[in-house]
Amino acid sequence: MTTILGTLTRRRARADVDAPPRNLAPSRSARTLTIVLLIFALAYFLLPIVWLLFAATKSNADLVSSPGFWFGDFQLAENYTKLMDWTQGNFWRWVGNSMLYSGVAAVVGTLVSVSAGYALAKFRFPGSGVMSGAILGGLLMPVALLTVPLYIVFQQIGLTNTMWAIIIPSCVSPFGVFLGRVFADAAVPTEVLEAARIDGASESRIFFTMVLRLLAPAMVTIFLFIFVATWNNFLLPLMMISSPELKPVTLGLYGMVSYFAPQKGAVMLGALLGVVPLVILFLGLQRYWRSGLAAGAVKG
Amino acid sequence: METQAPVPVAQKPARPRRRPSGARREALTGWAFMAPFAVLFVLVFVIPIAVSARESFFAQVSTSGDLYGGGQLDSVFVGLDNFLHVLTNERFWAGVGRIGLFGIVQVPIMIFAALGLALLLDSWLIRRVGGFRLSFFLPYAIPGIVAAMVWLYLYTPEISPLVDLLNALGIHVDLMGPGFVIFSMANMTTWTYTGYNMLIFLAALQAIPRDLYEAARVDGASGWQVVTKIKVPLVRGAALLAILLSIIGTVQLFNEPTVLAAVNSWMGADFVPMMMAYNTMMGQLSPSGAGPASAISIVMALLAGVLAAVYAVLQKRFTR
């Protein structure tokens, strides 16, 4: 099966074994310089996260007095208690809210995107040009600017301060449709569809039993993009949600940091616990990220 | 993945591929698959944009409603007043200036860093790249607001090892002071998105046929020439895409200044245009309400459109 994913993995595997031609082999000094540069970059990208790990175990006093990259007086349990107190026991509820909003938006958004992408890739219908243009416009639109108009409309129909105010806008992913279309072009052979039609399969049956199966890797990629975008969105919940019990974790944490004289260690612990689910998802599924970005980069 | 699709071995006797109603049927089926997205798109993009465009010509005016006991707010048509107010507001242009400076500094640094890292990881200079690639991309998994919080503390002199390091190097600078805060914001964004852009470049680099390098070898090219004559020109498309997306991201900059402003009150409620739109909508700036907030959003969207168009024209001119 020739998915973009498959091609990429094969390319990578080949690149790993192929050695440079002898006259292109890099010198030892160039190699050393490269390692040094990469380690500097590594420090830049990872040290803030390492610092966060240490900071989450410290009291305010220790944050000032102890070395940044080592433990002070180990206050993890105390910070956890402070975190729970400050959030009035809502912290895990916020994490749960984030999972619920991101999960529902990602599942619905993925199905909707794949379906639309499949329609654009495999069917000729009047208005498909308009839809392609709309999707391109949506891709290039600064979506944060859309939040104010969305708020106005959702306020008028009484959906502000409900979970729908987060979930409905997050389901709509022009990038998801774009990916769905690229993958449907690459992974769903038209002949297979024709054959199934000749065998008398209905269109919905073809879609649900064949197309979705062929597009499974693409769906994981789209799911990831929507899930992470929803989890990371801050402006939308900031505008839409006011009840503490409906907040996603990003909004809850912002409340902590903007509160005057916060317990910084407890805030950092909250920041850490609030991203753990995301980081796990991320590390576990990282090859799907690459295939999504590859589709964007190579086609774009 | 195995292919589970039932591929018929023997074709049935040839039938006309499409009956007369075929095109119509195809159109209906296509729309059936398109419909859920189309409905949501109308609800989330088209209607709000239309409503917002209409609202931008109205303002909430308190009528002297003695009959109702006063304090009643009415929507009144005000023509282009909201737009005039935005366009003549120097606080707005100051905000535009800040994101302009931010973009001019941050976008090139990030794109060059991402391209450089991608070229290094794609080169023969290094063997095991998986760990580096993952680590550089990891910040992207941290929500922008959380990253901003971590960096906020890393900019806070009493608790930050970063400030200690700068002091030890003899650099004394207020990372959140008026002269420097834009660069501190630029650093937050760079930290989050460099790895993401690097992956875009890596994907483009890996799509280059390896035969080209073989041909370069035959022609006696050096490793450096392979980079400048083959790799960089062939990832130009990816670079243009990454730059465009970064410009769009800069226009809607919100999380980083909002977190910084939560602690640095001098930054105010309108440090960048998106903050201004938000606080106008929520009534923390005057004039407030849907009309003025819509006008700010629309002006910014148009500005983004103009920027993207100028960028597209320029890149066409310079690549031909």
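Here the structure is a predicted model, which means the values were calculated and not measured. Naming: A, B, ... by sequence-line order, numbering from 1 per chain.
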In Å, rounded to the nearest 0.5 Å, how long is the span from [atom1] of [X] to [atom2] of [Y]?
X: L52(A); Y: I142(B); atom1: CG; atom2: CD1; value: 7.0 Å
X: L40(B); Y: S113(A); atom1: CG; atom2: OG; value: 9.5 Å
X: S128(A); Y: M34(B); atom1: OG; atom2: CE; value: 9.0 Å
X: S56(B); Y: I152(A); atom1: OG; atom2: CD1; value: 9.0 Å
X: L138(B); Y: L283(A); atom1: CG; atom2: CG; value: 6.0 Å
X: N255(B); Y: L235(A); atom1: CG; atom2: CG; value: 7.5 Å

Pairs of heavy atoms under 4.5 Å with chain A: top-ranked of [options]:
options: P157(B), A262(B), S52(B); answer: S52(B)
options: V251(B), V51(B), L134(B); answer: L134(B)
options: Y196(B), Y153(B), F41(B); answer: Y153(B)

Taking the side chain from [X] and the backbone from [Y], do they hold a donor-acceptor pair closer than 3.5 Å?
X: E26(B); Y: F125(A); result: no
X: W151(B); Y: P48(A); result: no
X: Q252(B); Y: A144(A); result: yes

For the student: nearest non-hydrogen atoms of A119(A) and G30(B), plus distance: CB-O, 3.4 Å
- line: Of all heavy-atom pairs linking V275(A) and P143(B), the shortest is CG1-CD, 3.2 Å
Report the option among [options] that has the most heavy-atom pairs separated by less than 4.5 Å from atoms of chain B.
options: V228(A), V177(A), N233(A); value: V177(A)
options: V112(A), L145(A), V267(A); value: L145(A)
options: T147(A), L238(A), V279(A); value: L238(A)
options: P149(A), A41(A), G138(A); value: P149(A)
options: L251(A), I206(A), V143(A); value: V143(A)
options: L120(A), L37(A), V148(A); value: V148(A)

[X]: partners by ring pair (Phe, Tyr, Trp, His ring centres under 6.0 Å), with sequence neighbours left out:
X: F254(B); result: Y278(B)
X: F123(A); result: Y118(A), F33(B)
X: Y151(A); result: none

query: Is there any residue in residues 43-50 of chain B with a non-hydrogen atom under 4.5 Å from a non-hydrogen atom of chain A, and which ones are they?
result: L43(B), V44(B), F45(B), I47(B), P48(B), I49(B)
- request: Answer with yes or no after comparing the ring centroid distance for F137(B) and F45(A) against a 6.0 Å cut-off, counting only values under it.
  value: no
State, yes or no, whether a side-chain contact exists between [X] and [Y] at a heavy-atom distance under 4.5 Å.
X: M256(A); Y: M149(B); result: no
X: M141(A); Y: I248(B); result: no
X: L121(B); Y: L38(A); result: yes
X: N187(B); Y: Y44(A); result: yes
X: P161(B); Y: W51(A); result: yes
X: I159(B); Y: K58(A); result: no

Region of [X] in contact with chain A, defined by heavy-atom distances below 4.5 Å:
X: S160(B); result: neither
X: A308(B); result: neither
X: I145(B); result: side chain
X: L152(B); result: side chain
X: E55(B); result: side chain
X: T258(B); result: both
X: V150(B); result: both
X: M274(B); result: side chain
X: L244(B); result: side chain
X: M282(B); result: side chain

With only heavy atoms counted, which part of [X] is less than 4.5 Å from chain B, the side chain, the backbone, both or neither?
X: L272(A); result: neither
X: T32(A); result: neither
X: L146(A); result: side chain
X: V153(A); result: side chain
X: L140(A); result: both
X: M239(A); result: both
X: V249(A); result: neither
X: E191(A); result: neither
X: A134(A); result: both

task: Answer yes if the side chains of Y140(B) and N232(A) hold a donor-acceptor pair under 3.5 Å, and no otherwise.
output: no
